[in-house]
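Structure first, then comments.
Computed from a predicted structure; not experimentally measured. So that the names make sense, note that chain A is the first sequence line, chain B the second, and so on, each numbered from 1.
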Amino acid sequence: MFEYDFMRTAFLAGGVVAVAAGAVGFFLVLRNLTFAGHALSHVGFAGATGSVLIGVGALWGLLAFTVAAAVAMGLIGDRLRQRDIAVGIVLSLALGLGVLFLALYTAGAGEATAILFGNLLAIAPGTFWSLVALSAATLLALGVISRPLLFATLEPELAEAKGVSLRLVSVLFLAIVAVAVAEAAQVVGVLLVFALMVGPPAAAQRLVSRLGAGLALAVGLAIIETWGGIALAYATDWPTTFWIVLLSCLVYFASIFKPAIARSTTSHG
Amino acid sequence: MDALAARGNRSRAYPLAGNAIEFDRVTLARGGRVVLDGVSAAIRAGEFIGVFGPNGSGKSTLLRAILGLLPPLSGAIRVFGDPPARGSRSAGYLPQQRAALVDLPICGWDFVASAWRGDRWGLPLVSRRGREEVARAIARVEAQTLVQRPLSQLSGGELQRLLLAQALLGEPRLLLLDEPLISLDPHFQQAVISLVRDIQLAGEITVLFTAHDPNPLLGVMDRVLYLGNRRAAIGMVDDVITDQVLSRLYAMPIEVLRINDRIVVVAGHGPVEAEAHRHDV
Ligand SMILES: Nc1ncnc2c1ncn2[C@@H]1O[C@H](COP(=O)(O)OP(=O)(O)O)[C@@H](O)[C@H]1O
Ligand SMILES: [Mg+2]
């Protein structure tokens, strides 16, 4: 299958995005922000359809909307009890806008399907290089904030006392999440970003409790699931997204049963 | 005013000169409401201070102010002679809020280590010196066997020891421990108290230790700081935990009984501490 250009591009683009999605998703899951990540991807839908409407690449509209929404969410703050409700309401507004933009853009349902469910096998070379640049930027930014981010995630009160600005860390992290979401949407579509950003890290955190190992495993699983999905799609002609999501679910559910097995074999102590 | 303003002048002289913490007519507010109003108190370096008071009397607020997280509305706070500075390395802190930790899938060692210089930018890699410090803090709370397990598999008391280890990282001169006895059974309460006492005596560290019940701390406290009704009283146990002072701080008639060397604080309708425990989560 590697004799085809589009297959090579799909593997490379999928791998590049999976690294960023797995790493960012690791902290997303640790911070219990999976709903925010989910909401961001849906907000991105409005951005993507809007930019298609005005003739700009969907990736850029996605980015603009997700980053703006992420910064707004970060400013609202973690502590506001109503936050999930506010996020949910903005999210439905964004989806409504997306529907409007789609109605105005009469040319094609294909574009909408690609935005909603991704189309890894049709990534243009320009988009590919954009994804590489965005992944690099995401990982770099995550690397810069990961230390205070981890501290603020595990022990917010203590981190604050030690001089970490919880607000700043939160806004920066959500902006990074927004970029990763926009990238992941290119692979699995806005509706299924969860599969790439939440599935692998959640499974990894069930399997290992060391930070470094967990992060590496999250990235590794994201890559394996993405590549596995592409290969299975090639073999079956079914959509890549379907296979990636299926693998993500299988791995996650397998990870749930792991502790039970471990306990039953070591329960004599 | 008498005992309310007591500065503990009957307490013994300390080898360490100077005050660790000074409150000079400090007013603190939370969410627009005044919690402490014009409180003055001085805590000498090396003292072990038990901080008590009904729920919502401002114990946690006081600690946050000492950490520089809450600027006073008026008055001045001094910590080792300087205004409180957020991010100061001289203070170790065990926060009261810890419900979120219970289901973390991260192992104890990484959890404690996340607090080592956690305010710096960059990757959360711990230097060799940092690893030594983390290992030492973990050894001091005797948690070596706990730290391979994820926090989600630890009991409340085990988690508490890891939090104490975090507070001890970096050899602080001042320990601010917010309700470290909550969710511990009496055996572990005693273990935590004597651990803190040993650490305090070995390093001449100043300790502020908030709790509901003064009894477990009677043998180790140098003085008590009792908050209530937006005021504070500091002094020796016998001067502060009295009918007169507590009635004023609770703003209701309070009777202090001594039963077999235990202090029982009784309001009109029953023991006050039992009440306080019930409200706490
Ligand atoms: N984050 C907050 N925002 C607004 N008010 C608060 C906050 N935290 C505590 N308070 C209020 O400040 C007062 C003192 O609280 P606190 O210092 O936590 O008391 P304690 O620790 O003695 O139980 C209480 O009346 C409480 O309702
Ligand atoms: Mg409190």
Point to revise | Portion of A:V29 that has a non-hydrogen atom of chain B nearer than 4.5 angstrom | key: neither
Point to revise | Interatomic spacing from CZ in A:F151 to CZ in B:F111 - rounded to 0.5 Å | key: 9.0 Å
Practice item. Let me know if A:A161 has heavy atoms under 4.5 Å from chain B in its side chain, its backbone, both or neither. Key: both
Practice item. Taking atom CH2 of A:W129 as the centre, report whether more than 12 heavy atoms of other residues, nucleotides or ligands fall under 6.0 Å from it. Key: no
Exercise for review: From the options A:V208, A:L150, A:L154, A:T153, select the one residue that forms a side chain to side chain contact (heavy atoms under 4.5 Å, CB included) with B:I106.
Suggested key: A:L154
Check your understanding: Side chain, backbone, both or neither: which part of B:W109 has an atom under 4.5 Å from a heavy atom of chain A?
Key -> side chain
Review point. Should A:S146 and B:P124 count as side-chain neighbours, where that means a heavy-atom distance under 4.5 Å?
Key: yes
Check your understanding: Side chains of B:D119 and A:P148: does their closest heavy-atom pair fall under 4.5 Å?
Key -> no
Check your understanding: Any donor and acceptor pair, going by atom type alone, linking the side chain of B:S114 with main-chain N or O of A:E155 inside 3.5 Å?
Key -> no
Revision key, fill the gap. Distance col, row A:E157:CD vs B:L94:CG, nearest 0.5 angstrom, shows 11.0 Å
Practice item. Would you give the length of the straight line joining atom CG of B:D110 to atom OG of A:S209, rounded to the nearest 0.5 angstrom? Key: 7.5 Å
Point to revise | Which atom of A:E160 lies closest to which atom of B:R86, heavy atoms considered | key: O-NH1, 3.2 Å
Check your understanding: What part of B:A167 lies closer than 4.5 angstrom to a heavy atom of chain A: side chain, backbone, both or neither?
Key -> neither
Exercise for review: Select one option (side chain, backbone, both, neither) describing which atoms of B:L123 are under 4.5 Å from chain A's heavy atoms.
Suggested key: both
Practice item. Verify, without hydrogens or angle tests, whether A:R147 (side chain) and B:L125 (backbone) share a donor-acceptor contact under 3.5 angstrom. Key: yes
Review point. Above 12 or not: heavy atoms from other molecules or residues under 6.0 Å from CD of B:E171?
Key: yes
Practice item. Can you tell which part of A:L172 gets under 4.5 Å to a heavy atom of chain B, answering side chain, backbone, both or neither? Key: side chain
Review point. Any sub-3.5 Å donor-acceptor pair from B:R89's side-chain atoms to A:K162's backbone N or O?
Key: no
Check your understanding: Can you name the closest pair of heavy atoms from A:L158 and B:A115 and give their distance?
Key -> CD2-CB, 4.1 Å
